[in-house]
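A short write-up of the structure that comes next.
Convention: sequence-line order gives letters A, B, ...; per-chain numbering from 1.
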Amino acid sequence: MAQAKGDLPLLDRRLAIVTGKGGTGKTTVAAALARAAADRGRRVLVTEVGRDAQVPRLLDPSAPEVGYEEREIVPGIWVMRIDPFAALSEYLGLQIGMPGLVARVLQNRGFRQLMGASPGWRDLITLGKVWHLEQMVGNGRPKYDLIIVDAPATGHGMTFLDVPRVVAAAVRAGPLRQHTLAVEEMIADPERTVLIPVALAEELPTRETVALVRRVRDELSIHVDRVIVNAVHDLPFSTDLGDLDAHLARLPDSLRFESLPAPTVLARCVRYLRARWMLNQRYLAEIQQHTKLPTVTLPYLTFGVRDADDLERLARATVAEPLGETV
Amino acid sequence: MSVDARTLFERRIVVCVGCGGVGKTTISAALALEAARAGRRTLVLTIDPARRLADALGIEELGNEPRALPREALGRLGVPPEGSLSAVMLDMKRTFDELVERFSESTDARDRIMSNPIYQNVSDALAGSVEYSAMEKVFQLSEEPEYDLLVVDTPPAQHALDFLEAPQRMLEFLESRLVQLLIHPAFAAGRFGFRLFQRGAHRVFGMIEQITGMGFLEDVSEFLLAFEGMSDGFRRRALSVRELLEGPETAYVLVAGPGPESVAQSHQFLDRLEGFGIRLEGVVANRVRLWPDGAVPDAIEPTPRDLEALRDGLAREGGEGFPADAAARAAIDCAEGYAAQVRRDAAALGTLRTRVESRRRFWRAVPELDEDAHDLEALARLGRLVSESTRETA
């Protein structure tokens with residue numbers, strides 16, 4: 001990895017690929033990053049890959065639906081949803097012409113299944129579209145300063161990022177090879193692209209994040225310099241009160257409050273919050289140790305992102321200096 | 001009327017569905033252990049268990065063969081002599097390969113398929129074959145007489161219920177006009193609309209080949225031709241798998257997480273299950289924060305006297321130098337913080353619970369435990385929590 005070359009502030013790149021296991025809050029992190037970048041005057045595009053776009057709702061609860069067209073949801077932040085077949089149709093239309101014919105063939109169910117079966121096709125075309133967006137210019141400058149990709153959940157593997165490699169092996173000639181090489185070049189350039197793994201400080205997400213980072217290191221040339229750990233519980237009291245729950249549990253039964261839960265209930269509340277905190281701390285340390293990367297932690301929000309203030313809070317945390325050493 | 005977990009255990013198959021990250025694997029294992037405790041010979045099929053859970057189940061290595069848990073360990077957990085518990089972790093790629101081997105006309109045909117570049121690249125993407133493989137394995141194991149009950153942890157499909165559609169998609173794929181066209185161009189060409197499509201498709205394929213430089217069409221045709229001989233076996237098999245999944249011997253349990261997003265996904269899940277005409281048995285809401293002592297208070301507001309009593313009690317308990325004032329405030333903060341989480345879970349799960357109970361399905365909220373269940377004892381506790389309260393809801 002080109003550490004020195006990639007030693008840029010997080011938001012100074014062209015492309016940030018946010019990835020992680022399902023349920024880690026990847027999409028929330030993508031939205032928070034977009035918010036942070038827009039706060040710094042950047043024009044940001046968030047691309048979502050799944051069935052429906054979640055980012056607009058996080059930016060503005062009354063946001064309209066978005067589709068394959070980029071749409072400015074709040075000032076400075078555009079969102080779009082990349083449907084692989086729409087991207088394929090656009091690509092083939094550009095390459096072949098005859099958009100009507102292309103559209104008819106692409107609507108055929110058998111064809112769609114064949115394309116779905118073709119290795120990494122959806123992922124390649126998605127990345128191809130991202131590249132296309134990265135290349136767009138307006139008024140003599142890039143149309144978007146930063147493109148954030150809310151990547152599909154890592155699931156079984158990392159096909160999404162493996163794609164250029166797979167295709168480079170299978171595609172021997174033709175325009176696609178040229179385009180694939182351009183996509184690969186974009187992804188491999190540490191000054192243009194950064195991969196941002198999102199984890200939770202719990203057992204399974206930690207294991208998956210460690211595996212992901214190892215594979216990125218060993219097999220892919222894509223810059224990764226931090227792990228964002230989402231929903232980290234804070235300890236709501238100072239550590240010198242460490243055995244507070246034990247003290248509470250030992251309070252005499254005769255102690256009755258007028259308008260406060262019984263001491264044993266208070267003890268349970270304290271124990272619960274401390275247990276979550278300890279669990280998070282343990283896996284946070286494991287993530288740092290096994291990925292050999294510093295971490296950025298986002299606070300656990302009991303009610304999720306409800307409004308602009310919540311998102312702003314996450315946005316600030318997202319771009320904070322990472323903690324821990326790069327080994 | 002009674003909605004009892006035991007009626008669940010009288011089925012042949014219990015499928016646990018739900019979105020990723022809700023603890024589906026743990027709940028599946030806990031339900032399986034509870035079934036064994038009810039005297040059933042149970043097999044749990046897991047997809048991707050946490051390492052310590054896998055260790056507890058004795059399935060450290062990935063294998064396609066079930067392993068029985070030791071009798072003594074089960075006995076200690078109250079599993080009667082007639083009950084048993086085995087576990088297997090699915091290797092989906094291998095299951096699919098086995099399927100191809102089984103239905104190939106000859107070893108030659110099999111080798112042609114296995115060595116085809118399309119097969120090598122697509123066997124985990126072809127028409128949802130990953131999901132299909134999981135269900136195929138369920139079907140195989142359901143035919144084995146040594147188990148009364150299979151508890152199935154479903155794959156972390158990107159689109160939640162793909163595994164249910166997998167047999168249908170496989171059938172549609174095999175019967176699709178495009179596949180027929182590629183296998184039997186002459187036969188298919190007889191139909192007028194088809195000819196038009198065929199011309200268009202060939203043209204586009206030709207251009208795709210030009211753009212990609214791949215022998216795409218050639219590989220696909222060859223793959224499908226090789227596949228054709230076995231597609232009949234595959235088709236019949238896919239039909240049987242579908243019948244089993246939709247039949248009365250299979251019960252579905254939805255595992256839901258407590259967060260607002262997870263609840264929204266669970267609603268979508270229920271919509272789709274209903275769309276499939278599948279009867280849901282009940283919902284296990286997992287990792288729910290529950291108030292230790294009845295209903296959660298609307299606010300934690302101590303009177304000045306409460307504060308004083310708490311502070312004095314803590315000062316006596318903590319001894320000299322203990323910051324009783326800070327400790328009292330911290331305890332109240334914690335109570336408020338935890339109460340907020342309890343209220344949040346209750347609010348988010350409320351809509352789901354109403355929906356489930358209005359359809360007379362069981363509803364069970366399992367509290368979040370301090371630690372994930374990593375050993376058999378913890379699984380047994382969890383299993384009891386699930387089945388006890390399903391009785392209570394009845």
Quiz item: If you tally heavy-atom pairs under 4.5 Å against chain A, which of B:Ala335, B:Ala347, B:Ala348, B:Gly337 wins?
Solution: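 So the answer, after comparing B:Ala335, B:Ala347, B:Ala348, B:Gly337, is B:Ala335.
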Quiz prompt | Contact leader toward chain A among B:Arg316, B:Arg329, B:Arg289, where contacts are heavy-atom pairs under 4.5 Å | solution =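 It is B:Arg289.
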Rounded distance (nearest 0.5 Å) linking atom [atom1] of [X] with atom [atom2] of [Y]:
| X | Y | atom1 | atom2 | result |
| --- | --- | --- | --- | --- |
| B:Gln341 | A:His233 | CD | NE2 | 5.5 Å |
| A:Leu244 | B:Cys334 | CG | SG | 6.5 Å |
| B:Leu310 | A:Leu255 | CG | CG | 7.0 Å |

Self-check item: A:Leu248 portion near chain B, given a 4.5 angstrom heavy-atom threshold
Solution: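 Both parts, backbone and side chain.
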Quiz item: Non-hydrogen atoms of chain B under 4.5 Å away: do they reach the side chain of A:Arg250, the backbone, both or neither?
Solution: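 For A:Arg250, the contact with chain B is made by backbone and side chain together.
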Given side chains that start at C-beta, do those of [X] and [Y] come closer than 4.5 Å, heavy atoms only?
| X | Y | value |
| --- | --- | --- |
| A:Pro261 | B:Trp291 | yes |
| B:Tyr338 | A:Val270 | no |
| B:Glu368 | A:Tyr272 | yes |
| B:Asp293 | A:Thr264 | no |

Exercise. List the atom of A:Leu241, the atom of B:Pro323, and the distance in Å for their closest heavy-atom pair.
Key: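 Heavy-atom minimum between the residues: CD2-CG, 3.5 Å.
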Practice problem: Could you tell me which non-hydrogen atom of B:Pro292 sits nearest to which non-hydrogen atom of A:Val265, and how far apart they are? | Solution: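 Smallest heavy-atom distance, with atoms named: CG-CG1, 3.9 Å.
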Exercise. Please check if atom CG in A:Asp307 has more than 12 non-hydrogen atoms from other residues, nucleotides or ligands closer than 6.0 Å.
Key: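 Yes, enclosed.
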Self-check item: N/O donor-acceptor pair under 3.5 Å between B:Asp306 side chain and A:Ser259 backbone
Solution: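 Yes, the answer is positive, given that a donor and an acceptor are paired below the 3.5 Å cut-off.
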Practice problem: Report yes or no: does B:Arg344 contribute a side-chain atom to a donor-acceptor pair with the main-chain N or O of A:Thr302 at less than 3.5 Å? | Solution: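 Present.
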Quiz prompt | salt bridge (charged side-chain N to carboxylate O under 4.0 Å, His left out) partners for B:Asp271, two or more places apart | solution =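 If we apply the salt bridge (charged side-chain N to carboxylate O under 4.0 Å, His left out) test to B:Asp271, skipping adjacent residues, the hits are B:Arg355.
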Quiz item: Can you name the salt bridge (charged side-chain N to carboxylate O under 4.0 Å, His left out) partners of B:Arg305, sequence neighbours left out?
Solution: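 With sequence neighbours excluded, B:Arg305 shows a salt bridge (charged side-chain N to carboxylate O under 4.0 Å, His left out) to A:Glu258, given in chain and number order.
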Quiz item: Do B:Asp333 and A:Phe237 pass the side chain to side chain contact (heavy atoms under 4.5 Å, CB included) test, and can you show the C-alpha distance, the side-chain angles, and the key distance before you say yes or no?
Solution: CA-CA 8 Å; B:Asp333 284 352; A:Phe237 51 86; over 6 Å; no
